[in-house]
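Below is one structure, written out as structure tokens; the observations come after it.
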Number of protein chains: 2
Amino acid sequence: MVKSHDHSQSHRRVRADHATELAEDYVEAIDDICRESGSCRAVDLARRFGVSNVTVTRTVSRLVRDGYAQTEPYGPIELTPKGKRVAEHARARHQIVYRFLLSLGVSEKTASVDSEGIEHHVSRETLHAMQRFIDHTARPSDG
Amino acid sequence: MVKSHDHSQSHRRVRADHATELAEDYVEAIDDICRESGSCRAVDLARRFGVSNVTVTRTVSRLVRDGYAQTEPYGPIELTPKGKRVAEHARARHQIVYRFLLSLGVSEKTASVDSEGIEHHVSRETLHAMQRFIDHTARPSDG
DNA sequence: GTCGATGTTTAGCCCATGCTAAATTTGCGG
DNA sequence: CCGCAAATTTAGCATGGGCTAAACATCGAC
Ligand SMILES: [Mn+2]
Ligand SMILES: [Mn+2]
Ligand SMILES: [Mn+2]
Ligand SMILES: [Mn+2]
């Protein structure tokens, strides 16, 4: 049983996770797209997230407001140093969760989809446990 | 790498998960509190979630609107049959995620906090993998 | 039976995140 | 150089989910 804990602490954490989630996913995506194609446009993010270009524009404006990205009118979207750091961190964490799910035995498709949500709720402690599991499971006798 | 393409499917799934998340947590909490103390009041939920009583009232009104709960003015909050079904399902899933994290080796506190967010992003396939892991880990002399 | 503490509701506010429609800008092919 | 297509921006809308303040209802102590 989830014994008589202070549930409110857990729910506060979940709300905090959600408050930073979209920023993390966006900077990760911006970094990905810049690597793949040299620069990132709003239309690229709209396709990536499956939302309208207007939604992207406004989300990016929050990233700019919060110091994660910068843009010029009608120009590409670029990350600030702060944005790049967050992107690196988010990517590393996402990778661990993804590979952990694969190690657990789920399909690539499912690992890809589930990790997109799970990654934001994994504490340091759990992330380390996942990393240990990956290391432990990665047998040399694997193809 | 988080294999190529169609990230949009993953993000749509995450958005869908979040759209049902609060309802799931509320019906689970209402069910819990009813079991513990016989009936559930707004003030109990406010304490549980760490939000104001007004936020609870409005969230519960959405639950009523969507057929998960019913209330009378100044009365307790009760689940409909539909609400009870969702609560059972949410509790079972939450339990598996919680016990899975314990099996992975994280502390009770961390398992409690992390499972509160993770539970909503776990697909059927991943849930089954977690259950298998629990079962496999539970026996002391594994094969 | 009254009263005050406690709980609930109402009114009004905020921000994030989704949308469509329309205006504007850019950049390219001809 | 021009005009069109694609991209971006602006305007306006919706819902969810958080808040405080203040009005209102309920209920147990006295
Ligand atoms: Mn994500
Ligand atoms: Mn989430
Ligand atoms: Mn739950
Ligand atoms: Mn939850």
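So that the names make sense, note that chain A is the first sequence line, chain B the second, and so on, each numbered from 1.
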Spacing between [X] atom [atom1] and [N] atom [atom2], to the nearest angstrom:
X	N	atom1	atom2	value
A/Phe49	C/dC19	CZ	P	13 Å
B/Asp25	D/dG16	CG	P	17 Å
B/Leu45	C/dT9	CG	P	12 Å
A/Ile77	D/dT9	CD1	C1'	13 Å
B/Glu21	D/dG18	CD	P	10 Å
A/His18	D/dG16	NE2	C1'	13 Å
B/Arg47	C/dG7	CZ	C1'	11 Å

Quiz item: Taking all atoms of both residues into account, what is the closest heavy-atom pair of B/Ile77 and B/Ala69, and its distance?
Solution: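 Heavy-atom minimum between the residues: CG2-CB, 4.4 Å.
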Quiz item: A/Phe49 versus A/Thr59: any side-chain heavy-atom pair under 4.5 Å?
Solution: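 They are not in side-chain contact.
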Self-check item: Min side-chain heavy-atom separation B/Gln70-B/Leu63 under 4.5 Å
Solution: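 They are not in contact (no side-chain heavy atoms under 4.5 Å apart), so the answer is no.
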Quiz item: Phosphate oxygens OP1/OP2 of C/dT17: is one of them under 4.0 Å from a side-chain N or O of A/Thr59?
Solution: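 No, outside the criterion.
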Practice problem: Assign each of B/Ala42 and A/Asp66 to its nearest nucleotide of DNA chain C by heavy atoms, then name whichever residue's nucleotide is nearer the 5' end. | Solution: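 It is B/Ala42 whose nearest nucleotide is closer to the 5' end.
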Exercise. Using the closest heavy atom to pick a nucleotide of DNA chain C for each, name whichever of A/Pro73 or A/Ser52 lands nearer the 5' end.
Key: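 Of the two residues, A/Ser52 wins.
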Which nucleotide sits closest to the side chain of [X]: [options]?
X	options	value
B/Asn53	C/dT8, D/dG16, C/dA11	C/dT8
B/Tyr74	C/dT10, D/dG17, C/dG7	C/dG7
A/Arg62	C/dT17, D/dA7, D/dG17	C/dT17
B/Val43	C/dT8, D/dG18, D/dT20	C/dT8
B/Arg41	D/dT9, C/dG7, D/dG16	C/dG7

Exercise. Indicate, yes or no, whether a donor-acceptor pair under 3.5 Å links the base of D/dG18 to the side chain of B/Arg58.
Key: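 Such a pair exists between side chain and base.
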Practice problem: Check whether the ring centres of B/His121 and B/His18 lie less than 6.0 Å apart, and answer yes or no. | Solution: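 Yes; B/His18 has its ring centre under 6.0 Å from that of B/His121.
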Self-check item: Pairs satisfying side chain to side chain donor-acceptor pair (under 3.5 Å), at least one member in residues 41-51 of chain B, at least two apart
Solution: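 Output for this query lists A/His7-B/Arg48, B/Asp32-B/Arg48, B/Asp44-B/Arg47.
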Quiz item: Heavy atoms under 4.0 Å, any strand shown: does A/Arg12 hit a base, just sugar-phosphate, or nothing?
Solution: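 It contacts nothing in the nucleic acid.
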Exercise. Identify, between A/Thr71 and A/Arg15, the residue whose nearest nucleotide on DNA chain D lies closer to the 5' end.
Key: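 Checking each residue's closest nucleotide, the 5'-ward one belongs to A/Thr71.
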Practice problem: Specify the residue among A/Gly75 and B/Ala19 whose closest nucleotide of DNA chain D lies further upstream toward the 5′ end. | Solution: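 Nearest-nucleotide comparison on DNA chain D picks A/Gly75.
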